[in-house]
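Note that ligands are numbered from 1 as they come in the structure, with each ligand's atoms numbered from 1 the same way. What you are looking at is a predicted structure, and each value in this text was computed from that prediction instead of being measured.
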Amino acid sequence: MSKFILHPSSLDITNGSNDDGTTPKLAAQTALLHADEFLNEVNDVAVPIHVSTTFRYPCDHTKLIAAKDLTNENTDAHVYSRLTAPSTTRMEAILSQYLNGYALVYASGLAAFHAALVHLNPKRLSIGDCYHGCHGVADIHSRITGMKQLPLDCPAEELQEGDVIHLETPLNPVGEASDISFYAEKAHSRGAILIVDSTFAPPPLQDPFLWGADVVMHSASKYIGGHSDMLGGVLVVKDLKRRWKMYEERVYLGGIMGSLEAWLGVRSARTLELRVLRQSENATKLVEWLSGDLGVGDSAVQKVVAKVRHASLQKDEFVEKQMTGGFGPVFAIEMKTEILAKMLPSHLELFAHATSLGGVESLIEWRAMSDTLVSPTLLRLSIGIENWEDLKNDLLQAFEKLAAARVEINGTN
Ligand SMILES: Cc1ncc(COP(=O)(O)O)c(C=O)c1O
């Protein structure tokens with residue numbers, strides 16, 4: 001493998017941190033604004049857009065260093081954007097601070113998961129319910145490498161050193177949480193590695209590293225991007241050597257995030273914490289209202305909704321301990337019939353009927369549109385930053401219309 005040198009600044013996650021690099025000096029919200037400031041090359045306040053794929057070598061011929069002689073100590077220049085570029089470097093500087101490890105950015109969440117499997121190359125992968133695309137990636141990896149797939153609840157004895165447990169929490173599409181420490185202990189008791197897909201609950205909602213995760217993954221297309229306008233993925237690790245190896249592999253796999261997306265990501269990072277806290281609060285209030293009304297004899301909710309699913313409704317002790325900053329902004333409702341589930345989205349004014357999640361605007365999806373494994377009565381709601389009572393009133397008027405239509409069709413509720 002030929003030598004590729006990383007722009008050293010993108011490694012400097014100790015910038016703004018204590019000397020050991022473990023405890024950020026800046027609070028998380030401040031880091032989102034300022035962790036990349038040391039990378040400023042111009043005096044613009046807004047971050048400039050850089051689109052160049054290639055960067056000029058030094059004019060001074062005495063400063064030219066042949067590739068074979070490059071070290072991380074003797075260069076800090078960008079060379080080619082498949083390696084590093086100004087916006088991806090900024091994104092990594094910010095996310096390394098915010099996600100509490102060494103962050104690498106990828107072209108999508110699935111590109112990140114693929115990179116993790118290529119890097120860890122486990123003989124066995126323990127994987128259960130999770131985003132269907134991750135199963136697709138795992139199947140391709142199994143076909144190429146012979147990796148065996150085990151259920152998430154397989155006995156610990158079936159795992160060996162170097163194997164991987166992949167845990168998604170909170171879980172797509174229902175927003176319910178699993179106990180990260182339980183799976184961390186299980187993995188580590190066998191010398192295996194725990195990946196946590198934390199897409200549904202970025203900080204401040206949860207930090208999987210606190211509960212033993214070895215690799216934290218995010219689809220940056222969701223909350224990190226936050227405006228439904230960029231695709232991206234992130235892997236975060238605590239081990240610097242691993243980070244270097246993964247960086248080198250990304251250079252060859254070519255899965256780095258695009259420069260324009262990284263610029264959008266930096267723009268979005270500034271408001272990440274504010275958005276996520278508001279979205280979490282909105283979702284939790286809506287779930288409280290829905291689950292309360294489910295128990296009320298003749299409420300419109302009770303007439304058409306069968307069940308609400310969300311981490312805030314789980315009784316398990318670990319949930320509140322793990323989700324210190326609040327519950328995820330995604331939850332699911334199961335309607336009483338498939339036709340009600342199909343009809344609800346078109347009766348709503350404020351929710352777009354679309355897949356994906358994490359954007360500032362609320363979305364609803366009849367999940368059977370994109371996931372072949374879910375119940376046809378299930379709707380996934382991704383709550384945005386609107387006023388929560390407007391969202392409640394929108395849902396309520398739609399439930400009332402559907403309940404009235406049921407009476408018309410069936411003559412009964
Ligand atoms: C939990 C989770 N992980 C990973 C992904 C894949 O991310 P991307 O669409 O950015 O590839 C998604 C996408 O919906 C997801 O919901």
Check ion pair Arg270-Asp36 (N to O, under 4.0 angstrom): yes
Non-hydrogen atom of Gly232 closer than 4.0 Å to ligand 1: yes
Taking atom 8 (P) of ligand 1 as the reference point, the nearest protein heavy atom with its distance: Gly109 N, 3.4 Å
Structural part of Leu110 in contact with ligand 1, heavy atom criterion under 4.0 angstrom: both
Distance filter under 4.0 Å to Glu168 heavy atoms, resulting ligand 1 atoms: 1 (C)
Whether Trp366 side chain and Pro376 backbone form a donor-acceptor pair below 3.5 Å: yes
N/O donor-acceptor pair under 3.5 Å between Arg275 side chain and Val360 backbone: no
Closest approach of any protein heavy atom to atom 9 (O) of ligand 1, naming residue and atom: Lys222 NZ, 4.0 Å
For Ser221, the ligand 1 atoms whose distance to one of its heavy atoms is below 4.0 Å: 8 (P), 10 (O)
Contact (N/O only, under 3.5 Å) between Ala111 and ligand 1: no
Electrostatic pair Lys285:Glu288 at N-O distance under 4.0 angstrom: no
Polar contact flag for Asp197 and ligand 1 (N/O pairs, less than 3.5 Å): yes
N/O donor-acceptor pair under 3.5 Å between Gln397 side chain and Asp394 backbone: yes
Closest approach of any protein heavy atom to atom 15 (C) of ligand 1, naming residue and atom: Tyr131 CG, 3.6 Å
Residue-ligand contact His218/ligand 1, heavy atom below 4.0 Å: no
Phe113 and ligand 1 - part of the residue with a heavy-atom distance under 4.0 Å: neither
Asp229/Arg267 ion pair, N-O < 4.0 Å: yes
Trace of the side chain to side chain donor-acceptor pair (under 3.5 Å) decision for Lys336 with Thr377: CA-CA 7 Å; Lys336 289 203 163 152; Thr377 59; over 6 Å; no
Asn172 N/O to ligand 1 N/O under 3.5 Å: yes
Glu92/Arg250 ion pair, N-O < 4.0 Å: yes
Distance flag, aromatic centroids of Phe113 and His166, threshold under 6.0 Å: yes
Top protein contact for atom 7 (O) of ligand 1, by heavy-atom distance: Ser219 OG, 3.0 Å
